[in-house]
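Okay, so here's the structure we're looking at.
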Number of protein chains: 2
Amino acid sequence: MILKSQVEWALHCCAVLAGLPEGRYLSTKALAEFHGLPKEYLSKALQSLSQAKLVESTLGPSGGYRLARPASEVSFLDVVEAVEGKERSFVCSNIRANNPCRPEGFCDTGPCAIARIMWEADAAWRAKLRGVSLAALIQTLEQEVPPALWRSSGEWVKRRAG
Amino acid sequence: MILKSQVEWALHCCAVLAGLPEGRYLSTKALAEFHGLPKEYLSKALQSLSQAKLVESTLGPSGGYRLARPASEVSFLDVVEAVEGKERSFVCSNIRANNPCRPEGFCDTGPCAIARIMWEADAAWRAKLRGVSLAALIQTLEQEVPPALWRSSGEWVKRRAG
DNA sequence: CTAAATAAGGATATGAATTGTCCTTATTTA
DNA sequence: TAAATAAGGACAATTCATATCCTTATTTAG
């Protein structure tokens, strides 16, 4: 059970977009170069973010993406679910229904106890991700990325953002 | 990101084994019949449990599997990790290292902030699963499975356990 | 006004992982 | 002694993730 690499890519891209000057866009090309990723495939991840309304896009030269909401209003969960989907990680195929001791036409009253427990764990995972915003991420990064690298990266992005 | 169906199978099998009379074994064949699962493939899941030392096995007629520890000492996490592995669900490929602004030979001091957050969520998921034992599951099942079905299933298992 | 740059998305190829089956071997018990 | 069993190797089928290529419509820069 491994998350798609696109989840990692999308999170890093969102982190960059969160530092974008107001009103500017950053293109797939620039994001791909900045992270050393295949442009065409990264584009699919960005399309997922766009479809989820987490980012806005515009066409043409100086086009690209920007966050659709303030960084404080976008959670890790938003990004993860945009790429990975909202489905729970545990799928119950209700194998208890195959129990040979079941009378004909027996009907379950609720979901399987095993599934409920697995879903609770899934909910705990999502709650953790919901509790961290892109703004919080940026704050952490600003503290721990060496100032020179932080500044030069910001300059690089500004230059590519038009 | 979907858990293997073998996780579901392993959990249901452990629930059955937890209700086994002291000293008895239940075979792959019986477990497969009880859950309506392909015997050969279910066998792989049970081998995973065996390799993780969660169950003990014995050969020959009346052979099969039983829990290696009291049900109160086996957690959902034990079972999930036996089948799914202990690896974290988020893999960090450290794409920050591709940042074109990095000076030559730059060395990271710690793991990426994004990975740390994803790993915290993973830890929360595991903590939830660690907190539920097979004994707790059995207790829940005993409360919510209709008494007639509970009894007949117990009889079925006892009969197949030798 | 024109040309270049871009997002969006369809089609398709590739590789890896999951799911599933079959067979052999060694062991244990009835 | 024979039947039943776990263990595991080999392999096939299917699904999914990864990746590339191409077309289209749109937008801006020049």
Side-chain angles (χ1 to χ4, degrees), chain A residues 1-10 13 17 23-33 35-66 68 80 82-85 87 89-91 93 95 160-162, chain B residues 1-10 13 17 23-33 35-66 68 80 82-85 87 89-91 93 95 160-162:
Chain A
M1 189 202 48
I2 300 287
L3 288 165
K4 304 184 204 181
S5 57
Q6 287 200 339
V7 169
E8 182 186 13
W9 302 0
C13 286
L17 293 181
R24 300 289 186 79
Y25 294 87
L26 195 62
S27 71
T28 304
K29 186 148 173 277
L31 286 165
E33 281 179 38
H35 295 112
L37 300 172
K39 178 169 90 74
E40 310 281 359
Y41 193 33
L42 174 62
S43 167
K44 304 295 185 187
L46 297 172
Q47 284 173 39
S48 296
L49 296 179
S50 180
Q51 284 161 4
K53 303 275 177 63
L54 299 183
V55 300
E56 295 169 343
S57 66
T58 188
L59 294 173
S62 84
Y65 296 93
R66 69 181 176 198
V80 170
V83 172
E84 192 71 32
E87 306 79 25
S89 59
F90 180 84
V91 174
S93 58
I95 62 178
R160 297 298 298 262
Chain B
M1 189 201 47
I2 299 288
L3 287 165
K4 305 185 202 179
S5 56
Q6 287 200 341
V7 169
E8 182 186 13
W9 301 1
C13 287
L17 294 181
R24 300 289 187 77
Y25 295 86
L26 195 60
S27 71
T28 305
K29 187 149 172 276
L31 285 165
E33 282 180 37
H35 295 114
L37 300 172
K39 178 169 89 77
E40 309 282 358
Y41 192 34
L42 174 61
S43 168
K44 304 294 185 188
L46 297 171
Q47 284 174 37
S48 297
L49 296 179
S50 180
Q51 284 161 4
K53 304 275 176 66
L54 298 183
V55 300
E56 296 168 342
S57 67
T58 188
L59 294 174
S62 83
Y65 296 94
R66 68 181 178 197
V80 170
V83 172
E84 192 71 33
E87 305 80 24
S89 59
F90 181 84
V91 175
S93 57
I95 61 177
R160 296 298 297 264

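Note that the structure is a prediction, hence the values are computed from the model and not measured. In what follows, chains are A, B, ... by sequence order, proteins preceding strands, each numbered from 1.
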Any chance you could measure [X], atom [atom1], to [Y], atom [atom2], to the nearest 0.5 Å?
X: A:Ser57; Y: A:Leu49; atom1: OG; atom2: CG; value: 11.0 Å
X: B:Leu42; Y: B:Gln47; atom1: CG; atom2: CD; value: 10.0 Å
X: B:Thr28; Y: B:Lys44; atom1: OG1; atom2: NZ; value: 11.0 Å
X: A:Ser43; Y: A:Leu31; atom1: OG; atom2: CG; value: 10.5 Å

Under 4.0 Å, heavy atoms only, any strand: does [X] hit a base, just the sugar-phosphate, or nothing?
X: A:Tyr25; value: nothing
X: B:Ser43; value: nothing
X: A:Ser5; value: sugar-phosphate
X: A:Gln51; value: sugar-phosphate

Where does DNA chain C pair, written as one dot-bracket string 5' to 3', with Watson-Crick or G-U pairs under 3.5 Å, ( ) inside the strand, [ ] for crossing pairs and | for another strand?
||||||||||||||||||||||||||||||
Which is more 5' along DNA chain D, the nucleotide nearest B:Glu40 or the one nearest B:Lys29? Just name the residue.
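Per heavy-atom nearest nucleotide, the more 5' residue is B:Lys29.
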Rounded interatomic separation in angstrom, taking [atom1] from [X] and [atom2] from [N]:
X: A:Gln47; N: C:dG9; atom1: CD; atom2: P; value: 6 Å
X: A:Leu46; N: C:dG9; atom1: CG; atom2: P; value: 13 Å
X: A:Tyr41; N: C:dT14; atom1: OH; atom2: P; value: 16 Å
X: B:Lys44; N: C:dC22; atom1: NZ; atom2: P; value: 13 Å
X: A:Gln6; N: C:dA16; atom1: CD; atom2: C1'; value: 16 Å

Side chain of B:Leu59: nearest nucleotide among C:dC22, C:dA11, C:dT28?
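Selected nucleotide (nearest to the side chain): C:dT28.
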Is there a side-chain contact between B:Glu84 and B:Lys4, using heavy atoms and a 4.5 Å cut-off?
yes
Would you say the side chain of B:Leu46 lies within less than 4.5 Å of the side chain of B:Trp9, judging by non-hydrogen atoms?
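No. Closest side-chain heavy atoms not under 4.5 Å.
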Which residue lies more 5' along DNA chain C, comparing B:Gly63 with A:Thr58 via nearest heavy atoms
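Its nearest nucleotide lies further toward 5', so the answer is A:Thr58.
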Quick one: is C:dA30 close enough that its OP1 or OP2 comes under 4.0 Å of any side-chain N or O from B:Ser62?
yes
Taking A:Leu37 as the fixed residue, which of A:Lys39, A:His35, A:Glu40 is the one that meets the side chain to side chain contact (heavy atoms under 4.5 Å, CB included) rule?
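Testing each of A:Lys39, A:His35, A:Glu40 against A:Leu37, the sole residue satisfying side chain to side chain contact (heavy atoms under 4.5 Å, CB included) is A:His35.
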What range of DNA chain D does chain A touch, first nucleotide to last, counting atoms under 4.0 Å from its heavy atoms?
D:dA17 to D:dA29
Go through the steps to decide whether A:Cys13 and A:Val55 satisfy the test side chain to side chain contact (heavy atoms under 4.5 Å, CB included), and finish with yes or no.
CA-CA 11 Å; A:Cys13 286; A:Val55 300; over 6 Å; no
Short side-chain donor-acceptor distance under 3.5 Å, A:Ser48 and A:Gln6:
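The criterion, which ignores hydrogens and geometry beyond distance, is not satisfied for A:Ser48 and A:Gln6.
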